[in-house]
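Data block below; observations after.
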2 protein chains.
Amino acid sequence: MNIGDVASRSGLPAKTIRYYEEIGLIQPDRTANGYRSFCEADLHKLAFLGRLRALGFSIEDCRTLMALYEDEARASADVKQVAQQHLERIEAKIQDLEAVRATLSELVDSCAGDSRPDCPILKNLSGD
Amino acid sequence: MNIGDVASRSGLPAKTIRYYEEIGLIQPDRTANGYRSFCEADLHKLAFLGRLRALGFSIEDCRTLMALYEDEARASADVKQVAQQHLERIEAKIQDLEAVRATLSELVDSCAGDSRPDCPILKNLSGD
DNA sequence: CCTTGACCTTCCCGTCACTGGAAGCCCCGT
DNA sequence: ACGGGGCTTCCAGTGACGGGAAGGTCAAGG
(Lines give C-alpha, C1' and ligand atoms only; values in the text may rest on other atoms or scores of the structure.)
Protein backbone atom coordinates (compact mmCIF):
# COMPACT_ATOMS: atom_id res chain seq x y z
CA MET A 1 0.00 0.00 0.00
CA ASN A 2 1.16 3.50 -0.81
CA ILE A 3 0.63 6.39 1.56
CA GLY A 4 -2.51 7.54 -0.26
CA ASP A 5 -4.15 4.17 0.33
CA VAL A 6 -3.42 4.09 4.05
CA ALA A 7 -4.46 7.72 4.30
CA SER A 8 -7.92 7.02 2.90
CA ARG A 9 -8.27 3.73 4.75
CA SER A 10 -7.12 5.11 8.12
CA GLY A 11 -8.76 8.50 7.78
CA LEU A 12 -5.47 10.23 8.60
CA PRO A 13 -3.95 12.81 6.22
CA ALA A 14 -0.83 11.67 4.39
CA LYS A 15 1.04 14.55 6.01
CA THR A 16 0.17 13.21 9.44
CA ILE A 17 1.31 9.72 8.51
CA ARG A 18 4.68 11.05 7.33
CA TYR A 19 4.94 12.98 10.57
CA TYR A 20 4.23 9.84 12.61
CA GLU A 21 6.99 8.08 10.76
CA GLU A 22 9.37 10.99 11.34
CA ILE A 23 8.80 10.88 15.10
CA GLY A 24 9.12 7.10 15.14
CA LEU A 25 5.54 6.00 15.81
CA ILE A 26 5.56 3.79 12.72
CA GLN A 27 8.30 2.34 10.51
CA PRO A 28 6.90 1.54 7.08
CA ASP A 29 9.11 -0.20 4.54
CA ARG A 30 10.30 1.50 1.37
CA THR A 31 10.07 0.22 -2.15
CA ALA A 32 12.93 0.55 -4.63
CA ASN A 33 11.67 3.89 -5.89
CA GLY A 34 11.68 5.39 -2.40
CA TYR A 35 7.94 5.22 -1.82
CA ARG A 36 6.71 4.19 1.61
CA SER A 37 5.20 0.72 1.58
CA PHE A 38 2.65 0.01 4.30
CA CYS A 39 1.51 -3.41 5.46
CA GLU A 40 -1.75 -4.27 7.20
CA ALA A 41 -0.08 -4.00 10.60
CA ASP A 42 0.97 -0.44 9.79
CA LEU A 43 -2.57 0.40 8.80
CA HIS A 44 -3.81 -1.12 12.02
CA LYS A 45 -1.37 0.95 14.04
CA LEU A 46 -2.39 4.11 12.26
CA ALA A 47 -6.05 3.46 12.97
CA PHE A 48 -5.11 2.86 16.61
CA LEU A 49 -3.20 6.12 16.69
CA GLY A 50 -6.13 7.92 15.09
CA ARG A 51 -8.45 6.73 17.85
CA LEU A 52 -5.98 7.69 20.56
CA ARG A 53 -5.56 11.16 19.11
CA ALA A 54 -9.33 11.55 18.75
CA LEU A 55 -9.55 10.92 22.50
CA GLY A 56 -7.03 13.68 23.04
CA PHE A 57 -4.05 11.59 24.09
CA SER A 58 -0.76 13.41 23.56
CA ILE A 59 1.81 12.05 21.14
CA GLU A 60 3.91 11.02 24.14
CA ASP A 61 0.96 9.09 25.54
CA CYS A 62 0.48 7.52 22.12
CA ARG A 63 4.10 6.45 22.14
CA THR A 64 3.67 4.85 25.55
CA LEU A 65 0.40 3.16 24.63
CA MET A 66 1.82 1.92 21.34
CA ALA A 67 4.73 0.35 23.20
CA LEU A 68 2.31 -1.30 25.63
CA TYR A 69 0.15 -2.41 22.75
CA GLU A 70 3.11 -4.17 21.18
CA ASP A 71 4.35 -5.60 24.45
CA GLU A 72 2.75 -8.99 24.93
CA ALA A 73 4.01 -9.05 28.51
CA ARG A 74 2.49 -5.70 29.52
CA ALA A 75 0.56 -5.27 32.72
CA SER A 76 -2.92 -3.88 32.08
CA ALA A 77 -2.32 -1.67 35.12
CA ASP A 78 0.19 0.34 33.07
CA VAL A 79 -2.34 0.95 30.33
CA LYS A 80 -5.02 1.81 32.84
CA GLN A 81 -2.76 4.31 34.56
CA VAL A 82 -2.10 6.24 31.36
CA ALA A 83 -5.81 6.30 30.55
CA GLN A 84 -6.72 7.24 34.09
CA GLN A 85 -4.32 10.15 34.16
CA HIS A 86 -5.61 11.39 30.85
CA LEU A 87 -9.17 11.10 32.13
CA GLU A 88 -8.21 13.24 35.10
CA ARG A 89 -6.72 15.89 32.84
CA ILE A 90 -9.89 15.88 30.77
CA GLU A 91 -12.03 16.26 33.87
CA ALA A 92 -9.91 19.13 35.12
CA LYS A 93 -10.23 20.85 31.76
CA ILE A 94 -13.99 20.39 31.79
CA GLN A 95 -14.12 22.01 35.21
CA ASP A 96 -12.07 24.97 34.00
CA LEU A 97 -14.26 25.40 30.97
CA GLU A 98 -17.42 25.18 33.02
CA ALA A 99 -16.17 27.95 35.27
CA VAL A 100 -15.43 30.03 32.18
CA ARG A 101 -18.84 29.20 30.76
CA ALA A 102 -20.55 30.33 33.95
CA THR A 103 -18.71 33.64 33.97
CA LEU A 104 -19.18 34.28 30.28
CA SER A 105 -22.80 33.30 30.42
CA GLU A 106 -23.49 35.81 33.18
CA LEU A 107 -21.64 38.51 31.31
CA VAL A 108 -23.48 37.86 28.06
CA ASP A 109 -26.84 37.83 29.81
CA SER A 110 -26.08 41.10 31.56
CA CYS A 111 -25.47 42.98 28.32
CA ALA A 112 -28.33 44.60 26.46
CA GLY A 113 -26.61 44.11 23.14
CA ASP A 114 -28.07 47.17 21.49
CA SER A 115 -26.63 50.23 19.76
CA ARG A 116 -25.70 52.03 22.97
CA PRO A 117 -22.11 52.02 24.18
CA ASP A 118 -22.81 51.06 27.81
CA CYS A 119 -21.63 47.50 28.23
CA PRO A 120 -21.53 45.53 31.47
CA ILE A 121 -19.17 43.03 29.82
CA LEU A 122 -16.48 45.63 29.22
CA LYS A 123 -17.25 47.29 32.53
CA ASN A 124 -16.77 44.07 34.44
CA LEU A 125 -13.69 42.89 32.56
CA SER A 126 -11.94 46.24 32.68
CA GLY A 127 -12.09 46.08 36.46
CA ASP A 128 -15.35 47.96 37.22
CA MET B 1 6.73 52.28 35.69
CA ASN B 2 9.20 49.77 34.31
CA ILE B 3 8.12 46.44 32.91
CA GLY B 4 8.86 44.61 36.16
CA ASP B 5 6.44 46.85 38.03
CA VAL B 6 3.59 46.34 35.58
CA ALA B 7 4.38 42.65 35.49
CA SER B 8 3.94 42.23 39.22
CA ARG B 9 0.98 44.62 39.37
CA SER B 10 -0.85 43.04 36.41
CA GLY B 11 0.13 39.46 37.17
CA LEU B 12 1.38 39.01 33.59
CA PRO B 13 4.95 37.85 32.90
CA ALA B 14 7.27 40.49 31.45
CA LYS B 15 7.72 38.26 28.40
CA THR B 16 4.00 38.36 27.76
CA ILE B 17 3.89 42.12 28.10
CA ARG B 18 6.69 42.51 25.54
CA TYR B 19 4.82 40.15 23.28
CA TYR B 20 1.64 42.20 23.60
CA GLU B 21 3.59 45.27 22.61
CA GLU B 22 5.15 43.46 19.67
CA ILE B 23 1.74 42.49 18.29
CA GLY B 24 0.36 45.95 18.88
CA LEU B 25 -2.01 45.40 21.80
CA ILE B 26 -0.28 48.09 23.84
CA GLN B 27 2.07 50.96 22.99
CA PRO B 28 4.09 51.93 26.04
CA ASP B 29 6.42 54.93 25.88
CA ARG B 30 10.19 54.62 26.06
CA THR B 31 12.56 56.47 28.33
CA ALA B 32 15.90 57.84 27.11
CA ASN B 33 17.73 54.64 28.01
CA GLY B 34 15.39 52.52 25.90
CA TYR B 35 13.38 51.09 28.77
CA ARG B 36 9.63 50.75 28.31
CA SER B 37 7.72 53.28 30.40
CA PHE B 38 4.16 52.29 31.35
CA CYS B 39 1.43 54.63 32.51
CA GLU B 40 -1.62 53.72 34.58
CA ALA B 41 -3.71 53.33 31.44
CA ASP B 42 -1.25 50.75 30.12
CA LEU B 43 -1.47 48.85 33.38
CA HIS B 44 -5.25 48.97 33.17
CA LYS B 45 -5.17 47.60 29.62
CA LEU B 46 -2.84 44.80 30.63
CA ALA B 47 -5.12 43.78 33.50
CA PHE B 48 -8.03 43.85 31.05
CA LEU B 49 -6.09 41.64 28.64
CA GLY B 50 -5.19 39.29 31.46
CA ARG B 51 -8.86 38.80 32.31
CA LEU B 52 -9.79 38.26 28.67
CA ARG B 53 -7.05 35.68 28.24
CA ALA B 54 -8.05 33.95 31.48
CA LEU B 55 -11.51 33.53 29.95
CA GLY B 56 -9.90 31.95 26.92
CA PHE B 57 -10.46 34.73 24.39
CA SER B 58 -8.02 34.50 21.49
CA ILE B 59 -5.55 37.28 20.86
CA GLU B 60 -7.62 38.32 17.85
CA ASP B 61 -10.71 38.56 20.07
CA CYS B 62 -8.64 40.57 22.54
CA ARG B 63 -7.68 42.94 19.75
CA THR B 64 -11.32 43.39 18.80
CA LEU B 65 -12.47 43.83 22.39
CA MET B 66 -9.66 46.25 23.12
CA ALA B 67 -10.71 48.36 20.13
CA LEU B 68 -14.32 48.31 21.33
CA TYR B 69 -13.18 49.15 24.85
CA GLU B 70 -11.41 52.23 23.55
CA ASP B 71 -14.23 53.23 21.22
CA GLU B 72 -16.60 55.51 23.12
CA ALA B 73 -19.11 55.20 20.28
CA ARG B 74 -19.22 51.39 20.27
CA ALA B 75 -22.47 49.47 20.20
CA SER B 76 -22.73 47.04 23.10
CA ALA B 77 -24.17 44.57 20.58
CA ASP B 78 -20.70 44.26 19.02
CA VAL B 79 -19.15 43.38 22.36
CA LYS B 80 -21.94 40.96 23.14
CA GLN B 81 -21.53 39.22 19.81
CA VAL B 82 -17.85 38.52 20.39
CA ALA B 83 -18.58 37.21 23.89
CA GLN B 84 -21.52 35.16 22.66
CA GLN B 85 -19.49 33.50 19.93
CA HIS B 86 -16.75 32.68 22.38
CA LEU B 87 -19.31 31.24 24.77
CA GLU B 88 -20.57 29.01 21.99
CA ARG B 89 -17.07 27.78 21.25
CA ILE B 90 -16.58 27.01 24.93
CA GLU B 91 -19.84 25.11 25.07
CA ALA B 92 -18.92 23.10 21.99
CA LYS B 93 -15.57 22.27 23.53
CA ILE B 94 -17.23 21.16 26.76
CA GLN B 95 -19.49 18.87 24.77
CA ASP B 96 -16.52 17.34 22.97
CA LEU B 97 -14.67 16.81 26.21
CA GLU B 98 -17.70 15.27 27.87
CA ALA B 99 -17.99 12.76 25.05
CA VAL B 100 -14.31 11.95 25.49
CA ARG B 101 -14.78 11.67 29.23
CA ALA B 102 -17.67 9.24 28.80
CA THR B 103 -15.65 7.03 26.47
CA LEU B 104 -12.51 7.15 28.56
CA SER B 105 -14.43 6.56 31.74
CA GLU B 106 -16.00 3.41 30.34
CA LEU B 107 -12.67 2.17 29.10
CA VAL B 108 -10.93 2.80 32.40
CA ASP B 109 -13.72 1.10 34.33
CA SER B 110 -13.59 -1.91 32.05
CA CYS B 111 -9.91 -2.58 32.72
CA ALA B 112 -8.84 -4.71 35.65
CA GLY B 113 -5.58 -2.82 36.00
CA ASP B 114 -3.56 -5.72 37.31
CA SER B 115 -0.38 -7.48 36.24
CA ARG B 116 -1.99 -9.49 33.45
CA PRO B 117 -1.63 -8.32 29.84
CA ASP B 118 -5.31 -8.59 28.85
CA CYS B 119 -6.58 -5.07 28.49
CA PRO B 120 -10.03 -4.05 27.27
CA ILE B 121 -8.71 -0.52 26.72
CA LEU B 122 -6.15 -1.64 24.15
CA LYS B 123 -8.56 -4.18 22.75
CA ASN B 124 -11.22 -1.58 22.17
CA LEU B 125 -8.92 1.12 20.80
CA SER B 126 -7.04 -1.19 18.50
CA GLY B 127 -10.30 -1.99 16.79
CA ASP B 128 -11.45 -5.13 18.65
C1' DC C 1 35.50 55.39 41.94
C1' DC C 2 34.58 50.72 41.20
C1' DT C 3 32.03 46.82 41.51
C1' DT C 4 28.15 43.99 42.22
C1' DG C 5 23.78 42.51 41.26
C1' DA C 6 19.26 43.39 39.78
C1' DC C 7 16.99 45.08 36.12
C1' DC C 8 16.36 46.10 31.29
C1' DT C 9 17.08 45.42 26.06
C1' DT C 10 16.94 42.55 21.61
C1' DC C 11 17.34 38.27 19.25
C1' DC C 12 16.74 33.56 18.33
C1' DC C 13 15.17 28.96 19.23
C1' DG C 14 11.68 25.68 21.14
C1' DT C 15 7.00 24.34 22.25
C1' DC C 16 2.76 20.87 20.09
C1' DA C 17 0.97 18.44 16.38
C1' DC C 18 0.56 19.18 12.59
C1' DT C 19 -0.55 22.02 7.73
C1' DG C 20 0.64 24.38 3.38
C1' DG C 21 3.45 24.88 -0.29
C1' DA C 22 7.53 24.51 -3.40
C1' DA C 23 10.59 21.80 -6.23
C1' DG C 24 11.33 17.72 -8.21
C1' DC C 25 10.97 12.45 -9.16
C1' DC C 26 7.92 8.39 -10.58
C1' DC C 27 4.31 5.84 -12.78
C1' DC C 28 0.40 4.98 -15.74
C1' DG C 29 -2.59 5.80 -19.64
C1' DT C 30 -3.14 7.70 -24.26
C1' DA D 1 6.12 11.62 -25.79
C1' DC D 2 3.32 13.80 -22.71
C1' DG D 3 -0.02 14.96 -19.25
C1' DG D 4 -1.77 14.33 -14.76
C1' DG D 5 -1.74 12.45 -10.49
C1' DG D 6 0.90 10.58 -6.74
C1' DC D 7 5.08 10.33 -4.38
C1' DT D 8 9.44 12.41 -2.21
C1' DT D 9 12.02 15.93 0.79
C1' DC D 10 12.54 20.31 2.81
C1' DC D 11 11.18 24.73 4.63
C1' DA D 12 8.04 27.82 6.82
C1' DG D 13 4.04 28.90 9.60
C1' DT D 14 0.48 28.15 13.18
C1' DG D 15 -0.85 30.44 18.75
C1' DA D 16 0.76 32.45 22.53
C1' DC D 17 4.08 32.59 24.56
C1' DG D 18 8.77 30.65 27.47
C1' DG D 19 13.89 29.91 27.95
C1' DG D 20 18.12 31.59 27.56
C1' DA D 21 22.14 34.20 25.57
C1' DA D 22 24.61 38.52 24.98
C1' DG D 23 24.90 42.90 26.32
C1' DG D 24 23.37 47.81 28.15
C1' DT D 25 21.76 50.48 32.60
C1' DC D 26 21.07 51.83 37.22
C1' DA D 27 21.29 52.24 42.35
C1' DA D 28 23.72 50.85 46.42
C1' DG D 29 27.65 49.48 49.01
C1' DG D 30 32.77 49.23 49.84
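Order of the sequence lines sets the chain letters (A, B, ...), proteins ahead of strands, with each chain counted from 1.
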* Asked: When you check the phosphate oxygens OP1 and OP2 of D:dG15, does a side-chain N or O of B:R53 lie under 4.0 Å from one of them?
  -> no
* Asked: Nearest-Å distance, CD1 (A:I3) to P (C:dC18)?
  -> 14 Å
* Going only through I, L, V, M, F, W and Y residues with side-chain contacts under 4.5 Å, is there a path from A:L12 to A:Y35? -> no
* Think B:R30 has a side-chain N or O under 4.0 angstrom from the OP1 or OP2 of C:dT10? -> yes
* A:R18 has an atom CZ; how far is it from atom P of D:dT9, in whole Å? -> 7 Å
* Could you state the atom-to-atom distance from CD of A:E21 to P of D:dC10 in whole Å? => 12 Å
* Asked: Does a salt bridge link A:E21 with A:R18, judged by any charged N lying under 4.0 Å from a carboxylate O?
  -> no
* Asked: B:T16 side chain N/O closer than 4.0 Å to the phosphate oxygens (OP1, OP2) of D:dG18?
  -> yes
* If you look at every strand shown and take non-hydrogen atoms under 4.0 Å, does B:I23 touch a base, only sugar-phosphate, or nothing? -> nothing
* Rounded to whole angstrom units, what separation is found between the OH atom of B:Y20 and the C1' atom of D:dC17? -> 8 Å
* **Rounded distance in Å - CE (A:M1) to C1' (D:dC7)** => 16 Å
* Find the distance B:I17:CD1 to C:dT9:C1' and express it as a whole number of Å. => 15 Å
* Report the distance from atom CD1 of B:I26 to atom CD1 of B:I17, rounding to the nearest 0.5 Å. => 6.5 Å
* Asked: Can you tell me if the side-chain N/O atoms of A:N33 get under 4.0 Å from OP1 or OP2 in C:dC25?
  -> no
* Pick base, sugar-phosphate or nothing for A:F57, based on heavy-atom distances below 4.0 Å to the nucleic acid. => nothing
* To do: Would you kindly give the CZ-to-C1' distance between A:F38 and D:dT8, to the nearest whole Å?
  => 12 Å
* d(CG, A:N2; P, C:dC28) in whole Å -> 10 Å
* Might you work through the salt bridge (Lys or Arg N to Asp or Glu O under 4.0 Å) test for B:R116 and B:D118, ending with a clear yes or no? => CA-CA 6 Å; B:R116 289 172 300 170; B:D118 308 279; 5.2 Å; no
* To do: For B:R36, answer base if it contacts any base atom (sugar-phosphate contacts may also be present), sugar-phosphate if it contacts only those atoms, and nothing otherwise; contact means non-hydrogen atoms under 4.0 Å.
  => sugar-phosphate
* For B:K15 and for B:E60, locate the closest nucleotide of DNA chain D by heavy-atom distance; then report the residue assigned to the nucleotide nearer the 5' terminus. => B:E60
* Between atom CG of A:L25 and atom OH of A:Y19, what is the distance when rounded to the nearest 0.5 Å? -> 8.5 Å
* Asked: Are OP1 or OP2 of D:dC26 and a side-chain N or O of B:Y35 less than 4.0 angstrom apart?
  -> no
* Asked: If you check every side-chain atom of B:Y19, which of D:dA16, C:dC18, D:dG20 has the closest atom?
  -> D:dA16
